[in-house]
Every structure is written in C-alpha cells, then in structure tokens.
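Since we're looking at a predicted model, the values are computed, not measured. The chains referred to below are lettered A, B, ... by the order of the sequence lines, with proteins before strands, and numbering in each begins at 1.
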2 protein chains.
Amino acid sequence: MLSKKAQYAFRALSTLVRTDLQRRADGADATVAASDAPTSITEIVKVHPMSTKFLETILLDLKRGGILGSKKGKGGGYYLLKHPDDTPLAQVIRILDGPIAPLPCVSLHFYERCQDCNEAVCGLNRLMAEVRDANLAVLEKRTLSDLAVDPGAGLAGA
Amino acid sequence: MLSKKAQYAFRALSTLVRTDLQRRADGADATVAASDAPTSITEIVKVHPMSTKFLETILLDLKRGGILGSKKGKGGGYYLLKHPDDTPLAQVIRILDGPIAPLPCVSLHFYERCQDCNEAVCGLNRLMAEVRDANLAVLEKRTLSDLAVDPGAGLAGA
DNA sequence: TTAAATCCTACTAATCCGATGGGATAAAAG
DNA sequence: CTTTTATCCCATCGGATTAGTAGGATTTAA
C-alpha cells in the first residue's frame, strides 16, 4: 500500500503537471522557463486540502530526489525539472516509500541479501521477482503526464 | 513489501507443500488422507529456523483463513486443506498482510472509499488499478505449487 | 497419567507513520 | 532597510503497526 506521503505527493504533482503543461502551451517556445512560474505550497493546499507542514516535507523530498526544483522568497515555489513525460511514477514512489519490490532480495534499487535463505534455491525469490517486474512494467511506463489526464475529455460536448 | 509474517508463512508452506506432494505420490490414490500426515510446528522450525511462538500465530492465521487444517494432541500438526495448485499466493498474502492493491479505493477485497478525492476524476485511481491488475495477474496465477519447485531440477546430471 | 501438540488471550518492545513546531535563510516589494 | 512571503532544516511527538513473547487451557496418543 502507498503511504499517505506518496498519495499526497501524487496529488501535489498533478497540479504541478497541469501548470507545467499550461505554461508549455502558452509560452509556445521556451520563452517562459519553468522556474519563472513556480507554484507555492499555499497554492497547492488550496486545491488539495492537506497539512501544509506535511506537504512541505514531501516537496522537499521530491526536490532532493531530483524531480522538483524550487525558488525561494516571495513569489517562490516549486516546479517540475523535466517534462512530465520523463518522470515515471516508479521514481516518485521510490523517493517517498522506498522499494517497490515485495522483498529486499529482489529489489533493484534497494537490494539487500536475505538471511536464512539461499537465493538460488528459494522458490519465493523467483516468484516475487515476477511480481516486481509486473509492477515495474506499469510504474516505469506510466509517468506524471498520466496523472493529469482528464477522464472527462471528449464527453463534454458529445 | 511483504511482512515478516508473510515471508515466514511462505517458508512454512513450502515444506507443507513438499510433504503434501510426497504423500500424494506415495499414497497413489486417496488412501492416505492429508490429516493422517500432519506436520508439527517443531518440525517446520527445524527446517526453517524462526521463532516457534511467532510461527504458531502465523499457522493459526492460515488455518482461520481456510488454507490449513490441523490436528491437536500428540502426533498432531498442520496440513494443506486443498491441492497446492488450488491456493494462489494472493490468498496467503491477503490473510497475513491484507490488501494487495496500492490504494484502498482500488482494492477488491478490502475496498474503502477515499476521502478528498472524486474517484471518477482522480487520475491516480486509474493508474493504481492498473498496478493492482498487474500484481494479481501474477499472484492469482501462481500457487503454492510454484513455491516448492526445485530450480535445480534438470541440472543435476547435465 | 504423562507427554506432545494445538489453541487462545494478552502483553511488550521497537519501529514506523503522520503530523507538528520553531526557527534559519532567501528573495521580492515597498 | 524593513516587511512579507516563501523555502529550508531539524527536532519532536503521539498513535499505530510490527515482530515477538508469556502463560496457560485444551486435546489426543501412548
């Protein structure tokens, strides 16, 4: 199960994505940099009600994780460092919740040898590696862009 | 990540499966009932070193969950209620760790409505439902039998 | 009657999670 | 240069969960 941290992160990111795509649409070229249009924590909380302080720690994590940039001081806030297409959901989850694999001994980014268990013989490893791969097939393919898709699109006028 | 409980459960189950398959091979027909050849906690711990008391609570859970039967008193122990092929890994995980889905609002067996989030509009639901399905594709297909497969088979003589 | 097993309830120690508080630092605006 | 509005950083805290323990009741075979 995703932690609250990860859930809040996705909510916050969804608004950052919308802002980012909007900026790209408006500023035709790269005339408007992402750092010129940062979104503050206060603004995000207005859209997605949650603890301001808690969100702060989350956005800091995402910044340290290389997903967000920030601008301090008045008019400051956070912004995406890359195109939403280029940040898979897996990256967000790893930053906030750690390993995606069901066992440390099949984790790609957080591998730990398992005690009392010969990996070559252990039947569980193989199976859990399958589960990990099934997960990653989705989580590495789907990106922040997919978060912001409006499922009502195409229905409005029809 | 799987809890220790689930990990221990799988280890214990792997020996119960081996015993069960052995019994089926020996007793040709159904001349030997599973309840005639129960395996005690003590025996399991000999194979897989772990806290006896902790394993006790785990096997009790598996019994209440409908996977194991038990026989009390001297010579007693635990045994599989069904053919190993007929217990998917998903069932074991649900008993010991609860939901498999990454969010309560996309869980099949432990569904809970999510607050502050319109499911029809929320982009995350759709994506996490995809993750859930990817997981279940493996965990409902793979069974206890897969736990006991010897990966060295076919290599010994070659 | 004894020994060996499951069964049951409660408890505990440690860890993790969600959240909060207080302040340092930076930048823009007047 | 001061105020305001932000991010940044660190420490703490209550509650929940996890992993494991304790002790005894119950059942059955020998």
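Nucleotide D:dT18 holds its P atom 18 Å from the CE atom of B:Met50, rounded to whole Å. Nucleotide C:dA5 holds its P atom 13 Å from the CG atom of B:Leu55, rounded to whole Å. For the pair B:Asp61 CG and D:dT17 P, the computed distance is 16 Å after rounding to whole Å. Taking atom CG on B:Leu62 and atom C1' on C:dT6, their separation rounds to 14 Å, with Å as the unit. Note: CE (B:Met1) to P (D:dT17) measures 19 Å, nearest angstrom. Rounded to an integer number of Å, the gap from A:Leu2 CG to C:dG18 C1' is 15 Å. A:Leu68 places its CG atom 10 Å from the P atom of D:dC8, with the value rounded to the nearest Å. Rounding to whole angstrom units, CD1 of residue B:Ile44 and P of C:dA4 are separated by 18 Å.
Among the heavy atoms of the strands lying under 4.0 Å from B:Lys53 is at least one base atom, whether or not backbone atoms are also near. Within the 4.0 angstrom heavy-atom criterion, no nucleotide atom of any strand lies near A:Leu59.
Comparing D:dC8, C:dA28, C:dA19 by their nearest atom to the side chain of A:Lys72 picks out D:dC8. Side-chain atoms of A:Thr57 lie closest to C:dT20 of the nucleotides C:dC8, C:dT20, D:dT26. Closest to the side chain of B:Ile41, out of D:dC8, C:dT20, C:dT6, is C:dT6. Among the nucleotides D:dA19, D:dA6, D:dC9, the one closest to any side-chain atom of A:Ser40 is D:dA6. Looking at the side chain of A:Ser3, the nearest of the listed nucleotides D:dT21, C:dG18, C:dA28 is C:dG18. Residue A:Ser70 places its side chain closer to D:dT7 than to any other of D:dA6, D:dT7, C:dC7. Comparing C:dG18, D:dA19, C:dC7 against the side chain of B:Leu60 picks out C:dC7 as the nearest. In this structure, of C:dA19, C:dC7, D:dT7, it is D:dT7 that holds the atom nearest to the side chain of A:Tyr78. For A:Lys4, the side-chain atoms get nearest to C:dA19 when compared with the rest of C:dC7, C:dA28, C:dA19.
No salt bridge links B:Arg126 with A:Asp146; every basic N to acidic carboxylate O contact stays at or beyond 4.0 Å. Residues B:Glu56 and B:Lys5 are not paired through a salt bridge, judged by the lack of any N-O separation under 4.0 Å between the basic side chain and the carboxylate. In this structure, B:Arg64 pairs ionically with B:Asp61, as a charged nitrogen and a carboxylate oxygen lie closer than 4.0 Å. Contact check on B:Asp26 versus B:Arg23 returns no salt bridge, with no Lys/Arg side-chain nitrogen under 4.0 Å from an Asp/Glu carboxylate oxygen. A salt bridge does not link B:Lys46 to B:Glu43: none of the charged side-chain nitrogens sits closer than 4.0 Å to a carboxylate oxygen.
Both B:Glu56 and B:Asp97 sit near DNA chain D, but only B:Asp97 has its closest nucleotide nearer the 5' end. The residue among B:Thr42 and A:Thr52 whose nearest nucleotide of DNA chain C is located toward the 5' end is B:Thr42.
For B:Lys63, a side-chain nitrogen or oxygen approaches OP1 or OP2 of C:dC7 to under 4.0 Å. Distances shown here put a side-chain N or O of A:Tyr8 below 4.0 Å from the OP1 or OP2 atom of C:dA19.
Residue A:Lys74 places no side-chain atom within donor-acceptor reach of the base of C:dG30, judged by atom type and a 3.5 Å distance cut-off alone.
With contacts defined as side-chain heavy-atom distances shorter than 4.5 Å, the pair A:Val131/A:Val106 does not qualify.
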